[in-house]
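Residue numbers start from 1 in every chain, and the chains themselves are labelled A, B, ... in the order their sequence lines are given, proteins ahead of strands. Small disclaimer: the values here were computed from a predicted structure and weren't measured.
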There are 2 protein chains.
Amino acid sequence: MAETQSPVGSVDRALLILQEIGKHSRGVTLDELATRLGLPKSSLHRLLGALKHRGFAAQPEPSGPYFLGTEMLATAFRFYETMDLRTLVRPLLLRLSDEFAETVHMAMLDGGEVVYLDKVEAVRSITMTSVVGGRNAAHCTGVGKALLAWTYPTDEAIKAWAERYGPLATRTRNTITNPAKLATHLDQVRQRGYALDLEENEPGVRCVAAPVFLGRTAPVAAVSVTAIKDRMSPARLEEVGHNLRRAVAEQV
Amino acid sequence: MAETQSPVGSVDRALLILQEIGKHSRGVTLDELATRLGLPKSSLHRLLGALKHRGFAAQPEPSGPYFLGTEMLATAFRFYETMDLRTLVRPLLLRLSDEFAETVHMAMLDGGEVVYLDKVEAVRSITMTSVVGGRNAAHCTGVGKALLAWTYPTDEAIKAWAERYGPLATRTRNTITNPAKLATHLDQVRQRGYALDLEENEPGVRCVAAPVFLGRTAPVAAVSVTAIKDRMSPARLEEVGHNLRRAVAEQV
DNA sequence: CTAGCAAATTCCGAATAATGGAATGCTTGA
DNA sequence: TCAAGCATTCCATTATTCGGAATTTGCTAG
């Protein structure tokens, strides 16, 4: 399908400029922006003038590099502090539910547990322990391991977390309860880019989960796809894992 | 002086739309936006389409309310995590230094102390304890009290802070060292909107400080104007306090 | 269940805004 | 001091954006 055009070209250009400046926290020159965006310098200069006018871009030194401005940051921060993140993640959940035809969840980390914030149940749903608003242990759920892996990105940080919130409870014969083993396991999660729950929380239930970063280094949430083990063969797990990662990267 | 026009009108409109949506974390309808911004609905609808196209605005439900989109949030968050906040605050410091003809600072809270991150010295400078990169106690400096007042916005929170980082050291005969008195004092700071250091940190030195929020509920930094007491009469303190608040509100 | 109402969306002729190449200005380094 | 390179300004030209009117959609009340 051909890529659709933005309905207002000059606004589209301005947004692309903001995105590009956003990638350069040490500032970026007009010349470099023109090169990266393929825009004539005079047009770019005028669009930057418009962004500076409302504080979305800043140029602290005359003829110097450009930065995102305080108005861009403050508008985003103010909104985020009082918004409901579910509102922005739910379209992703709906897409995942449609794409994988399984139940999908969104959760956040809270100490040693995860809190389920949203859920879209598949037609062929299964009875599960997860209830929106409910909690589960982090170390033995897909969303929990996805959140732990990137919130505590080193073995030491994971061990410190386990020391504070442990001991890690056994839920099934597959549950990882040894902190050192969990740390090693989460190294693999980081390398793969998604977490797997192989009947670690509930017998017969498997899950694939990915972190949602929203531009941050630590995840703000995780989303998961859950199914009974008969519908989650190793090949299927890998397929879902890759597609989940891509969908998250594309949409949030 | 007449207000200058943005060099690209349609971009300016789009940014105004983003700012307005940013004020409504529960979402805002097209009709309400049109009313608040004084824009024809068809123009507004097209501009919103452009913002949605790049993910800066979102409309999770068809014909439903609009929200800031994940691209707007992610671009701001990603940039902020690796930027140097001094870059954006320094123009404010230069303006304050020019306006008040005194030495100005920018600082952040770190536990029981503040860290001075930037400084613009006035022509008629005074020898002071503050060194960029250096630290000072939070409870007896203007920037420290500005940061404490809004980072710990209740008496209980202040007392808990004092219990953790206390005892509060005496620096001059004016230093507030009693946590309950500090809490009461910080109530007054919140009501006034700026903090005062009346020779609490250094004999003969007075200071006015205001928090910098950048859209958040807790301040990301504080800025201050410092002078010897002979140049900071009670009337002058009030004048500087009001002008400082206004300058901060206008610029960051 | 249907009609009316209000908000959202689409359409398209008109006109205004945005464009970008060329020229100019400024700063830095040799 | 001069040249080079980046930033900024100018203005004739182009085409994008505009907004009122019409249409569509969804919800509510009778």
Side-chain angles (χ1 to χ4, degrees), chain A residues 2-21 23-24 26-69 87 90-91 94, chain B residues 2-21 23-24 26-69 87 90-91 94:
Chain A
E3 182 186 343
T4 57
Q5 292 279 345
S6 172
V8 186
S10 55
V11 172
D12 198 55
R13 278 178 154 191
L15 299 182
L16 290 172
I17 293 166
L18 285 176
Q19 283 177 325
E20 189 61 37
I21 298 179
K23 296 168 185 170
H24 302 270
R26 296 173 184 272
V28 58
T29 64
L30 180 115
D31 198 58
E32 188 178 351
L33 273 175
T35 301
R36 288 175 177 274
L37 295 172
L39 291 176
K41 297 210 288 190
S42 51
S43 306
L44 174 60
H45 191 265
R46 188 179 39 253
L47 289 162
L48 282 165
L51 294 171
K52 283 164 63 181
H53 183 78
R54 291 291 169 190
F56 279 67
Q59 188 183 28
E61 298 165 47
S63 295
Y66 291 85
F67 300 81
L68 287 185
T87 307
R90 191 163 177 87
L94 293 168
Chain B
E3 183 185 344
T4 56
Q5 292 280 345
S6 170
V8 188
S10 54
V11 171
D12 197 56
R13 280 179 153 189
L15 299 181
L16 291 171
I17 293 166
L18 285 176
Q19 283 177 325
E20 188 61 38
I21 297 179
K23 295 169 185 170
H24 303 269
R26 294 171 186 275
V28 58
T29 63
L30 180 117
D31 198 57
E32 189 177 351
L33 272 175
T35 301
R36 287 175 178 274
L37 294 172
L39 291 176
K41 297 209 295 189
S42 50
S43 308
L44 174 60
H45 192 266
R46 187 179 41 252
L47 289 163
L48 281 166
L51 294 170
K52 284 165 61 182
H53 183 78
R54 291 292 170 191
F56 279 67
Q59 188 182 28
E61 298 165 48
S63 295
Y66 290 87
F67 299 81
L68 287 185
T87 308
R90 190 162 179 88
L94 293 168

Original post:
In chain order, what residues pass the salt bridge (Lys or Arg N to Asp or Glu O under 4.0 Å) check against B:Lys52, with sequence neighbours excluded?
Top reply: none
Subject >> Under the salt bridge (Lys or Arg N to Asp or Glu O under 4.0 Å) test, residues paired with A:Arg90 that sit two or more places apart >> reply: A:Asp118
Original post:
Which residue lies toward the 5' end of DNA chain D, A:Ser6 or A:Leu30, if each is placed at its nearest nucleotide?
Top reply: A:Leu30
Subject >> Side-chain (A:Ser43) to main-chain (A:Leu39) donor-acceptor, under 3.5 angstrom >> reply: no
Subject >> 4.5 Å side-chain heavy-atom contact, B:Arg46 and B:Lys41 >> reply: no
Original post:
What parts of residues 34-46 of chain A reach DNA chain C, counting only heavy atoms under 4.0 Å away?
Top reply: A:Pro40, A:Ser42, A:Ser43, A:Arg46
Original post:
What is the distance, rounded to the nearest whole Å, between atom CG of B:Asp12 and atom P of D:dC18?
Top reply: 11 Å
**OP:** Starting at atom CD of A:Glu32, determine the distance to atom P of D:dG5, rounded to an integer number of angstrom.
**Re:** 17 Å
Subject >> Gap between atoms CG and C1', on A:Leu33 and D:dC6 respectively (whole Å) >> reply: 13 Å
**OP:** Check the distance between D:dT9's C1' and A:Lys52's NZ and give it to me in whole angstrom.
**Re:** 13 Å
Original post:
Is the shortest heavy-atom distance from the side chain of B:Ile17 to the side chain of B:Ile21 under 4.5 Å?
Top reply: yes
Original post:
What residues in residues 59-69 of chain B put a non-hydrogen atom under 4.0 Å from any atom of DNA chain D?
Top reply: none
Subject >> Trace of the side-chain contact (heavy atoms from CB on, under 4.5 Å) decision for A:Phe56 with B:Leu18 >> reply: CA-CA 10 Å; A:Phe56 279 67; B:Leu18 285 176; 4.0 Å; yes
Subject >> Minimal non-hydrogen separation, A:Val11 against B:Ser10, with atom names >> reply: CG2-O, 3.5 Å
Original post:
If an axis is fit to five pairs at each end of the helix from C:dC1-D:dG30 to C:dA30-D:dT1, what is the angle between the two, to the nearest 10°?
Top reply: 50°
**OP:** Please find the earliest and latest nucleotides of DNA chain C, in the 5' to 3' direction, that have an atom within less than 4.0 Å of any heavy atom of chain B.
**Re:** C:dA7 to C:dA18
**OP:** Could you tell me whether the side chain of A:Gln59 and the main chain of A:Gly64 form a donor-acceptor pair under 3.5 Å?
**Re:** yes
**OP:** Report yes or no: does B:Thr29 contribute a side-chain atom to a donor-acceptor pair with the main-chain N or O of B:Glu32 at less than 3.5 Å?
**Re:** yes
